[in-house]
Amino acid sequence: MSSNYGITPQGENFSEWYNELVVKAELADHSAVRGCMVIKPHGYAIWELMQRALDDMFKETGHVNAYFPLLIPKSFFEKEADHVDGFAKECAVVTHHRLKATPDGKGLMPDPDAKLTEEYIIRPTSETIIWNTYKNWIQSYRDLPLLINQWANVMRWEMRTRMFLRTAEFLWQEGHTAHATYEEAETESLTILHECYGKFAEEWMAVPVIKGVKSEGEKFAGADHTYTIEAMTQDLRAIQAGTSHHLGQSFAKAFDVTFQSAEGKLEHVYATSWGVSTRLIGTLIMAHSDDKGLVCPPKLAPVQVVFIPMGRGEVWDVTVAKAKELAAELKARGVRVKVDDRTKEGPGFKAKDWDLKGACVRVDVGGRELEAGELGVARRDSEEKLLVPVDQIVDRCASLLSEIQANLYAKALAFREANTVRVDTWDEFLARFDGEGGGGFVLAHWDGTQETEDKISEATKATIRCIPLEPLHPDDVVEGTCVFSGKPSKQRVIFAKAY
RNA sequence: CGGGAUGUGGCUCAGCUUGGUAGAGCGCCGUGUUCGGAACGCGGAGGUCGCAGGUUCAAAUCCUGUCAUCCCGACCA
C-alpha cells in the first residue's frame, strides 16, 4: 500500500494487513534492536488492561507475585536435559561486565579483563533460576503449595520475528508453583487453564479457545505434559494463546528440591509453570480486526467511547462542552472515554482515525443533531449507526459496550465453527491444507505416534494443535482410524497450520 | 541458518542502467480560508542517500564486506 491512508485489505495480503495495522494503529513500532519492538502507549494500554484482569484472576486463585533476576547462570541451564534442548538455540549470553575504548579510540569493546568467569543467560523463561531459589524456600510439606507468579520480560533469539506474535524480547507472566503431590499439581495446571486463561480469552478477549493437551512433540521442553488454549485467526490458522505445564518432578530433581512429608519422608515436589505473553495482543488483532483497523473487545479497549465534537465557532464551543459533559458522566460509570477536540483535523479524519485505533463506540456531537436532541452513535464492531436521544446517550453507550463484547465473541465463535471440519481421508486432509494460508481446524483421527505427527506436518505444514480436553462433539471421541496411517485411534485431534 | 527482495528527510518512494552541486508526495512548523467519513492556498524547516572499506579528479549511483528489515523454508509463546 503506497498511500499513507488506509491499510492493505486482509483479503489481499493478511500478513501485510497485520503488520500495517500494528504500526498505523500506533500499537507498536520496529526498534533499533533486532527482533525487538517498541510498544507504544496505545498498545501498552491494552497490555495493562490484560495484566490487570489476569493478575486479579491469579490472586483470586491464590497466587502472589514476586520477581526473579533477568540473568541466569549458564550452569543452571545445564541441569535439566530436555529444557536445554528446547531453549539452547535461542539464548542471548552475557559474557562481560565492562566496556573499554577500542584501540582506534572510536568505539567501545568488551574489556577482555572483564570477562565473566561464569556466563549469564538472559532468561528465555525462568524455571531454572526459580527452582534454584525454591530449593531454599521449601523444606516441609507445610511450605507447600508455593504459588508464585512473575510479570517480566524474557528474550528468545528467534530467527524470524513478527510484532506481538513473535518478538525476540517479549513481556509475559510466568507462574511457577510447587506441590506435594502429582494430583495437586495437576489440579493447579488445570485451574490456570480453565479459571484464568480460558476465561480470560473468552470473557475478556472475546476469543473462543479450544482447551487441550499438547502432543509429545509440541509440549514444553522439560514438561510432563502441556495444556494449551488454541484460538483461530481470521486467516484460518491456529494460534497458541497460552500454555500451562505440569512439570512433574523434573525440575525438582534437577535442582534437588525436596520436602519432608507429614509422615517424615523426604520427597521431591511436583511443579507447574504457565504463561501468557504480549502475543495475546497479536491474537486479539488477528481474531477481530478488519480492513478499517483495530477492533477491540470493550473490556480491553483503551478507548471505549470516543466523542467527536463538530462545527465551528460558537457551535464548536457548544458541541465540545456537551461532549465533555457526556464523557464525564460516562467516565463516572467507569467507562474509558475520550473527547477528540483536536482542532486541526476534521470530523471525517477523526472518524477514520478512531476506526483504525479501535474505539468501540463513536458519538458524533453535531450542532444540528444537538438541537434536534439526538446524537449519532456508531458501533465499531458492525457498520451500524443509530440515533440516540441526548439524555439516553450515557445509558446507551454503556449497554452498547456489553452488546459489542458479546457480539464479538459470538462472531468469532461462529467463524471458528464454520471453519472447523472433520476429515476422514488422507486426500481430503491434503486438500484442506493445500496451498498458502490456513485451512481452519481439522478434526481427524491420529494414531498417537510421533512418527505420524511428523509425517503429517511435513506433508501439509499442519501440526497437532491439541487433543481437546472436552470433545467439541460427542462423536469426536468415538474410535476410528488414523487419517494418515490407518491405525486405530481413540479420538479426533485438532490439526491446523499455526502461528 | 538456506532462497528471494529492499535499505535515499518522520512515512511512501523516484533518481542508480550510462558516476558530475539530493528530488517528489504525504507528514511536520507558521499563516489564512475550511470542518457531517481522511479539506485547501501561501510561506518554511528537515537528508554527509543503512554502515565500513575500495575504485575514481569526483560515488546515492560502480566493486567488496557488513548490519537491518520484509517475504518463503527450518525453529518457536
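Just so we're on the same page: letters track the sequence lines, and every chain starts at 1. Remember, predicted model here, so these are calculated numbers, not experimental data.
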Just compare [options] and give me whichever is closest to any side-chain atom of [X].
X      : options             : answer
A:P347 : B:G36, B:C70, B:C75 : B:G36
A:K344 : B:C70, B:A38, B:C28 : B:C28
A:K352 : B:A77, B:G36, B:A38 : B:A38

- Message: For Watson-Crick and G-U wobble pairs within 3.5 Å on both distances, what is RNA chain B written in dot-bracket notation, | included for inter-strand pairing?
- Response: ((((((((.[[[[.)....(..]]]].((((((.....)))))).....[[[[[..)....]]]]])))))))....

- Task: Could you tell me which residues satisfy salt bridge (Lys or Arg N to Asp or Glu O under 4.0 Å) with A:E90, sequence neighbours excluded, listed by chain and number?
- Result: none

Residues [X], [Y]: salt bridge by 4.0 Å N-O rule:
X      : Y      : answer
A:K292 : A:D290 : no
A:D55  : A:K59  : yes
A:E119 : A:K74  : yes

- From the list A:F58, A:W172, A:F220, ring-ring contact (aromatic ring centres under 6.0 Å, His included) with A:W274 holds only for A:F58

- Please tell me if the side chains of A:L294 and A:S289 come closer than 4.5 Å, counting only heavy atoms from C-beta onward. yes

Value in whole Å for how far the [atom2] atom of [N] lies from [atom1] of [X]:
X      : N     : atom1 : atom2 : value
A:L165 : B:A77 : CG    : P     : 13 Å
A:I229 : B:A77 : CD1   : P     : 14 Å
A:F349 : B:C26 : CZ    : C1'   : 12 Å
A:D29  : B:U69 : CG    : P     : 14 Å
A:D454 : B:C75 : CG    : C1'   : 14 Å
A:E345 : B:C40 : CD    : P     : 14 Å
A:F220 : B:A77 : CZ    : C1'   : 10 Å
A:R34  : B:C70 : CZ    : C1'   : 13 Å

Over all strands shown, is [X] touching base, sugar-phosphate only, or nothing at heavy-atom distances under 4.0 angstrom?
X      : value
A:G282 : nothing
A:G275 : nothing
A:N19  : sugar-phosphate
A:G86  : nothing
A:S277 : base
A:Q240 : sugar-phosphate
A:S457 : nothing
A:R362 : base
A:K89  : nothing

- Pair A:T228-A:E230, side-chain hydrogen bond (donor to acceptor under 3.5 Å, both in side chains): steps then yes or no: CA-CA 6 Å; A:T228 177; A:E230 298 283 329; 2.8 Å; yes

When the [atom1] atoms of [N] and [M] are considered, how many whole Å apart are they?
N     : M     : atom1 : value
B:G19 : B:G53 : P     : 24 Å
B:A38 : B:A14 : P     : 28 Å
B:A74 : B:C16 : P     : 39 Å
B:U61 : B:G15 : P     : 15 Å
B:C13 : B:A58 : P     : 33 Å
B:G2  : B:G65 : P     : 14 Å
B:A60 : B:G7  : C1'   : 11 Å
B:U64 : B:A59 : C1'   : 15 Å

- Establish whether the base of B:G73 is bridged to the side chain of A:K461 by a donor-acceptor pair shorter than 3.5 Å. no

- Message: Over 60° means perpendicular and under 30° means parallel, so tell me whether A:W47 and A:W151 are parallel, tilted or perpendicular.
- Response: perpendicular

- In terms of ring plane angle, is the pair A:Y227 and A:H225 parallel, tilted or perpendicular, where the classes change at 30° and 60°? perpendicular

- Query: When you check the phosphate oxygens OP1 and OP2 of B:A77, does a side-chain N or O of A:T125 lie under 4.0 Å from one of them?
  - Reply: no

- Task: Determine the minimum heavy-atom distance between A:M310 and A:G366, stating which atoms define it.
- Result: CB-CA, 4.1 Å

Please enumerate all protein N or O atoms sitting under 3.5 Å from an N or O of nucleotides 3-8 of chain B, with distances to 0.1 Å.
none

- Message: If the test is side chain to side chain contact (heavy atoms under 4.5 Å, CB included), which one of A:V363, A:T319, A:D340 qualifies with A:I308?
- Response: A:D340

- Mapping A:G348 and A:R465 to their closest nucleotides on RNA chain B, which lands nearer the 5' end? A:G348

